[in-house]
Amino acid sequence: MKCALVTGGSRGIGRAICQKLAVDLGYFVLINYQGNEAAALEALRLVEEEGGSGAVLKFDVTDEEAVNTALSNWVEKHPDAIVEVVVNNAGIAKDGLFMWMKKEDWQNVLDVSLNGFFHVTNFFIQKMLRNRYGRIINVVSVSGVKGTAGQVNYSAAKAGVIGATKALAQEVAKRNVTVNAVAPGFIQTDMTAEMDEQELVKLIPANRFGKVEEVADLISFLASKKSSYITGEIININGGIYS
Ligand SMILES: NC(=O)c1ccc[n+]([C@@H]2O[C@H](COP(=O)([O-])OP(=O)(O)OC[C@H]3O[C@@H](n4cnc5c(N)ncnc54)[C@H](OP(=O)(O)O)[C@@H]3O)[C@@H](O)[C@H]2O)c1
């Protein structure tokens, strides 16, 4: 059974990724979530409604022991499963000016994006190398590429993942494991729901926020065999906001 794991697959961009990987590429999708079980089950229902298959898997990507326990248990129960695709999508933002930033807001944002990348990817990397095939895709942000005022923590976390993407890609390319990142601009999800969309679209050449399906389509391509010669890349998807 060929599988794809999507962290933060319960809502937003992650949910759309689960649907595309299941339907377009035929993967059994492991839909990771942290706390919102109803949303994770709804993501699974949507995958199944479209003819795909998968399972929900609860763990907090910041907790190394929880990641290792949940994934080891799952792997043990499914000895025929090969996880070919890992999408590190879980991420949070705690915005505010740096001069007033609390240590916990710095720490929590780095923990989810950067340490979460480490915990999940580190669990799978040897298996992918042994299997001589793998796709690792990290969801970063335009903020990690250019830096965004009011998001020093988030920009640092995503820039850290960008560095890791480029470095790891070079370590594993010989074994047909590719490592890429996708850097969205403003996408309509819970994360951007409170933003003043009318004002912000003025900054976007395409004159609108992006849709989760648009990001998921790009990730589906990177997760496919068609992207074999692309590695260590950071691909912007932002309606022209920055390139
Ligand atoms: N939306 C945008 O405009 C935008 C732009 C650039 C980059 N991004 C990036 O895209 C990714 C997805 O964003 P989104 O807008 O889809 O977010 P979202 O709608 O807020 O969903 C966040 C997802 O991450 C999960 N999650 C959060 N903390 C977690 C943890 N510690 N362990 C495991 N899962 C965790 C949530 O699970 P629960 O449902 O259990 O809470 C949920 O599935 C993030 O990395 C974000 O930084 C988003």
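In listed order, ligands and their atoms are each counted from 1. The analysis underlying the following values was restricted to heavy atoms, covering all of them including side chains, and did not include hydrogens, waters or symmetry mates. Nothing fancy with the numbering, it's 1 onward along the sequence. This one's a predicted model, so the numbers in the text were calculated from it and none came from an experiment.
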Taking 4.0 Å as the limit for heavy-atom contacts, which would you say applies to [X] with ligand 1: side chain only, backbone only, both, or neither?
{"X": "Arg15", "result": "neither"}
{"X": "Ser10", "result": "both"}
{"X": "Ile187", "result": "both"}

In this structure, does ligand 1 have an atom that sits under 4.0 Å from one of the heavy atoms of [X]?
{"X": "Phe209", "answer": "no"}
{"X": "Gly35", "answer": "yes"}
{"X": "Asp60", "answer": "yes"}
{"X": "Gly185", "answer": "yes"}
{"X": "Val140", "answer": "yes"}

Taking both backbone and side-chain atoms of [X], is any N or O found less than 3.5 Å from an N or O belonging to ligand 1?
{"X": "Tyr33", "result": "no"}
{"X": "Val61", "result": "yes"}
{"X": "Gly14", "result": "no"}
{"X": "Ser113", "result": "no"}
{"X": "Ile13", "result": "yes"}

Over-ring placement of Lys127 relative to Phe123, 6.0 Å and 45° cut-offs: yes
Axial cation check for Tyr133 ring with Lys225, 6.0 Å and 45° limits: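 Yes, cation above the ring, under 6.0 Å and within 45°.
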Value rounded to 0.5 Å, distance of OH in Tyr27 from SG in Cys3: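 Interatomic distance, Tyr27 OH to Cys3 SG, rounded to 0.5 Å: 9.5 Å.
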Under a 4.0 angstrom heavy-atom cut-off, which atoms of ligand 1 come close to [X]?
{"X": "Phe186", "value": "3 (O)"}
{"X": "Val139", "value": "9 (C), 10 (O), 11 (C), 45 (O)"}
{"X": "Asn36", "value": "38 (P), 39 (O), 40 (O)"}
{"X": "Phe59", "value": "32 (N), 33 (C)"}
{"X": "Gly91", "value": "44 (C), 45 (O)"}
{"X": "Asn32", "value": "33 (C), 34 (N)"}
{"X": "Pro184", "value": "5 (C), 6 (C), 7 (C)"}
{"X": "Ser141", "value": "6 (C), 7 (C)"}

Looking at [X] and [Y], would you say the former's side chain and the latter's main chain have a donor-acceptor pair under 3.5 Å?
{"X": "Asp105", "Y": "Met101", "value": "no"}
{"X": "Asp60", "Y": "Thr62", "value": "yes"}
{"X": "Thr7", "Y": "Asn32", "value": "no"}

Considering only protein heavy atoms, which is closest to [atom], and at what distance to one decimal place?
{"atom": "atom 25 (C) of ligand 1", "answer": "Gly8 CA, 3.4 Å"}
{"atom": "atom 45 (O) of ligand 1", "answer": "Asn89 O, 2.7 Å"}
{"atom": "atom 15 (O) of ligand 1", "answer": "Thr189 OG1, 2.5 Å"}
{"atom": "atom 36 (C) of ligand 1", "answer": "Arg11 NH2, 3.6 Å"}
{"atom": "atom 8 (N) of ligand 1", "answer": "Tyr154 OH, 3.4 Å"}
{"atom": "atom 26 (N) of ligand 1", "answer": "Ala90 CB, 4.0 Å"}
{"atom": "atom 29 (C) of ligand 1", "answer": "Gln34 CB, 3.7 Å"}

same_hphob_cluster(Val47, Leu5) at 4.5 Å side-chain heavy-atom cutoff: no
[X] to [Y] - nearest heavy-atom pair and separation:
{"X": "Phe59", "Y": "Ala66", "result": "CB-O, 4.0 Å"}
{"X": "Asn36", "Y": "Ser10", "result": "O-CB, 4.2 Å"}
{"X": "Met128", "Y": "Arg135", "result": "CE-O, 3.9 Å"}

Parallel, tilted or perpendicular: ring planes of Phe98 versus Trp106, cut at 30 and 60 degrees: perpendicular
Val86 and Asn88, any side-chain heavy atoms less than 4.5 Å apart: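 Yes, close enough: below the 4.5 Å cut-off.
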Lys2 atom NZ: more than 12 heavy-atom contacts under 6.0 Å: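 No - once you tally the heavy atoms of other residues, nucleotides and ligands closer than 6.0 Å, there are 12 at most.
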Would you say the side-chain atoms of [X] and [Y] include a donor-acceptor pair closer than 3.5 Å?
{"X": "Thr148", "Y": "Ser143", "answer": "yes"}
{"X": "Gln19", "Y": "Glu213", "answer": "no"}
{"X": "Glu233", "Y": "Asn180", "answer": "no"}

Thr165 and Asn138: CA distance, side-chain angles, deciding distance, side-chain hydrogen bond (donor to acceptor under 3.5 Å, both in side chains) verdict: CA-CA 7 Å; Thr165 301; Asn138 302 318; 2.9 Å; yes
The one among Ile17, Ile92, Leu57, Asp63 that brings a heavy atom closest to atom 27 (C) of ligand 1: Ile92
